[in-house]
Amino acid sequence: METKKNYTSAFIIITILFFLWGFITVLVDSLVPRLREVFELSYGMIAFLQSAFFVAYFVFSIPAGVIISKVGYQRGVVIGLITMSVGCLLFYPASEFRLFGVFLLAFFTLAGGITILQVAANPYVAVLGPEEKASSRLNLSQAFNSFGATIAPMVGAAYLLSDKILTSDEIKSLSVAEKDAYYIQEASAVQSPFLLFSFIIFLLGITFLFIKLPKILEGENTGTYKKALGKKSVWLGILGIFFYVGAEVTIGTAAVTYFMEMNLDSIIKETPVLKNLSFSIIEIFGGTTTNIDGKGIVGAFLTFYWLGAMIGRFIGSYLTKIFKPTIILSVFGLTAVSLILMSVSTTGLVSMWSLLAVGLFNSIMFPTIFTITLEGQGDLKPKISGLLCMAIVGGGVILPIFGFIVDHSGFKVALTVLTLCYGYIAYFAYRNYSKA
């Protein structure tokens with residue numbers, strides 16, 4: 001009974017961790033449009049800010065594995081949480097003094113902590129209970145990760161995008177007292193939520209330190225990275241994760257600005273049903289709609305992008321029991337390509353909803369690519385898992401490329417190029433289906 005109780009407590013805490021890193025990763029996306037206006041950055045430059053978050057996956061993945069092998073998975077989780085807490089705390093001086101370099105450091109540190117959690121938490125979920133139910137537990141934890149990603153845009157719209165950012169010329173026209181008041185208001189909008197996150201995550205770290213957990217993965221680290229990298233199938237899987245994360249993050253980050261460029265905020269304001277829906281989403285989390293600007297109104301609809309990913313995960317879980325996962329992955333990849341092409345060839349609400357619908361078909365891509373790549377790899381699985389985790393850096397590579405194309409050719413061209421990412425995923429699925 002005591003062991004069962006310990007397993008239940010540990011599973012609840014770990015599931016909270018899945019929720020947290022899904023929530024915070026997407027909340028960072030909500031911060032991007034605000035920072036672009038605060039620092040008056042180009043699309044290319046703001047993309048590099050987001051890149052700091054995902055480059056950390058590349059930098060920290062293998063070191064995280066080394067750390068965990070020395071201190072154990074439980075302490076590794078604690079280290080990840082404390083690192084996340086420090087990253088959230090760094091948003092305070094970054095916003096207080098409006099220092100872009102400190103924002104970069106905060107993003108990088110936060111992502112480093114999340115990377116350590118990625119490496120440590122998944123094995124825990126697999127062993128916290130009967131082996132035959134391991135898949136069910138992991139799906140449940142990942143569903144809460146999607147749930148965190150779903151509600152993050154609501155919080156972002158309510159607290160990070162809910163007021164107007166002044167241009168440098170407008171700031172110069174303010175009196176000294178008005179300028180000081182404006183800076184305090186701007187800093188507070190970022191500081192309050194991230195200070196709260198820092199405190200909560202720190203408490204979770206302390207709590208996790210005292211939870212009794214089973215020993216896991218003993219004697220499993222027998223493969224080598226060199227051997228893993230010698231397999232073509234591993235490289236194909238790495239590219240699959242790289243392109244998937246890059247495409248998903250890019251759409252999630254750029255969607256609000258893309259919609260604003262099409263003046264969708266005006267269309268939504270003139271459509272009572274959509275306006276009320278946007279305001280309802282914002283007010284659910286205590287945000288005010290009194291002086292909300294266009295970004296906040298449009299930003300609320302980004303919720304449907306991540307909600308689609310959560311719903312699609314449950315639907316995809318059922319479909320992959322009936323059909324081969326490679327078939328579902330191929331169909332989802334080709335559908336994502338079609339939806340993006342529909343978005344760039346239309347305008348207004350059709351363009352918006354077709355792009356948001358891509359989230360529904362993103363859902364199964366990461367776990368399916370991951371599982372297909374690991375299939376039949378034996379003792380190389382732990383090393384391959386680490387390499388696949390490093391491929392999350394795609395979010396930090398594809399996004400700047402996308403931003404560069406937007407700056408020089410516009411959103412329509414950039415989104416069209418993005419179809420190559422989903423096209424590769426469909427190819428990856430087809431190639432593995434033909435081998436089966």
Side-chain angles (χ1 to χ4, degrees), residues 26 28-58 100-101 103-104 107-108 161 165 167-169 239 242-267 293-295 298-299 301-302 305 333 336-359 362 391-425 427:
V26 177
V28 167
D29 293 341
S30 299
L31 190 61
V32 168
R34 186 179 197 94
L35 295 181
R36 179 177 179 270
E37 292 190 338
V38 168
F39 293 100
E40 299 182 325
L41 302 172
S42 68
Y43 292 117
M45 284 299 296
I46 201 62
F48 278 108
L49 171 64
Q50 186 75 349
S51 294
F53 196 89
F54 290 94
V55 167
Y57 279 96
F58 183 82
F100 187 67
F103 270 114
L104 284 172
F107 276 48
F108 188 76
L161 299 176
I165 305 294
T167 65
S168 57
D169 290 335
L239 285 175
F242 179 90
F243 286 128
Y244 159 70
V245 176
E248 181 193 49
V249 168
T250 297
I251 293 175
T253 302
V256 172
T257 307
Y258 172 52
F259 298 155
M260 288 294 294
E261 188 177 83
M262 292 191 293
N263 296 317
L264 278 170
D265 56 321
S266 298
I267 296 176
D293 67 356
K295 293 186 306 304
V298 174
F301 282 89
L302 193 60
Y305 179 70
V337 171
S338 300
L339 287 169
I340 293 175
L341 292 177
M342 181 183 295
S343 181
V344 301
S345 60
T346 58
T347 58
L349 294 176
V350 174
S351 179
M352 181 184 79
W353 286 116
S354 58
L355 188 64
L356 293 177
V358 174
N362 279 337
I392 294 174
V393 72
V397 176
I398 301 297
L399 184 56
I401 295 173
F402 180 88
F404 177 83
I405 297 173
V406 170
D407 285 338
H408 292 81
S409 303
F411 270 105
K412 297 289 187 181
V413 174
L415 285 170
T416 302
V417 173
L418 205 59
T419 60
L420 297 176
C421 296
Y422 290 109
Y424 174 82
I425 292 170
Y427 163 75

What is the minimum heavy-atom distance between Val406 and Ala414, and which atoms define it?
CG2-CB, 3.6 Å
Work out which heavy atom in Gly423 is nearest to a heavy atom in Val337; give both atom names and the distance.
N-CG2, 3.8 Å
Do the non-hydrogen side-chain atoms of Trp353 and Phe301 ever get within less than 4.5 Å of each other?
yes
When rounded to the nearest 0.5 angstrom, what is the spacing between OH in Tyr57 and CZ in Phe242?
15.0 Å
Locate the shortest heavy-atom distance separating Met260 from Val298; write the atom from each residue and the value.
SD-CG2, 3.9 Å
Tyr305 versus Asn362: any side-chain heavy-atom pair under 4.5 Å?
yes
Between Thr253 (side chain only) and Thr250 (backbone N and O only), is there a donor and an acceptor less than 3.5 Å apart?
no
What distance do Met262 atom CE and Lys412 atom NZ have between them, rounded to the nearest 0.5 Å?
5.5 Å
Could you state the interatomic distance from CG (Leu341) to OG1 (Thr346), rounded to the nearest 0.5 Å?
10.5 Å
Report yes if some heavy atom in the side chain of Leu355 is under 4.5 Å from a heavy atom in the side chain of Leu339; otherwise report no.
no
Can you confirm whether Phe402 sits close enough to Leu415 that some side-chain heavy atom of one is under 4.5 Å from a side-chain heavy atom of the other?
yes
With the side chain counted from C-beta on, respond yes when Ile398 and Leu418 share a heavy-atom pair under 4.5 Å apart, and no when they do not.
yes
Just to verify, what does Ser343 make a side chain to side chain donor-acceptor pair (under 3.5 Å) with, not counting sequence neighbours?
Tyr258, Ser351
With a 4.5 Å limit on heavy-atom distance, are the side chains of Thr257 and Phe411 in contact?
yes
Got Ile401 and Val417 here, is their nearest side-chain heavy-atom distance under 4.5 Å?
no
Inter-residue atom distance Phe243.CZ - Tyr422.OH, 0.5 Å rounding:
12.5 Å
Are more than 12 heavy atoms, taken from residues, nucleotides or ligands other than Met342, located less than 6.0 Å from that residue's CE atom?
no
Just to verify, what does Ile267 make a side chain to side chain contact (heavy atoms under 4.5 Å, CB included) with, not counting sequence neighbours?
Leu264, Thr271, Leu349
Closest non-hydrogen atom pair between Val358 and Ile340, with its separation
CG2-CG1, 4.0 Å
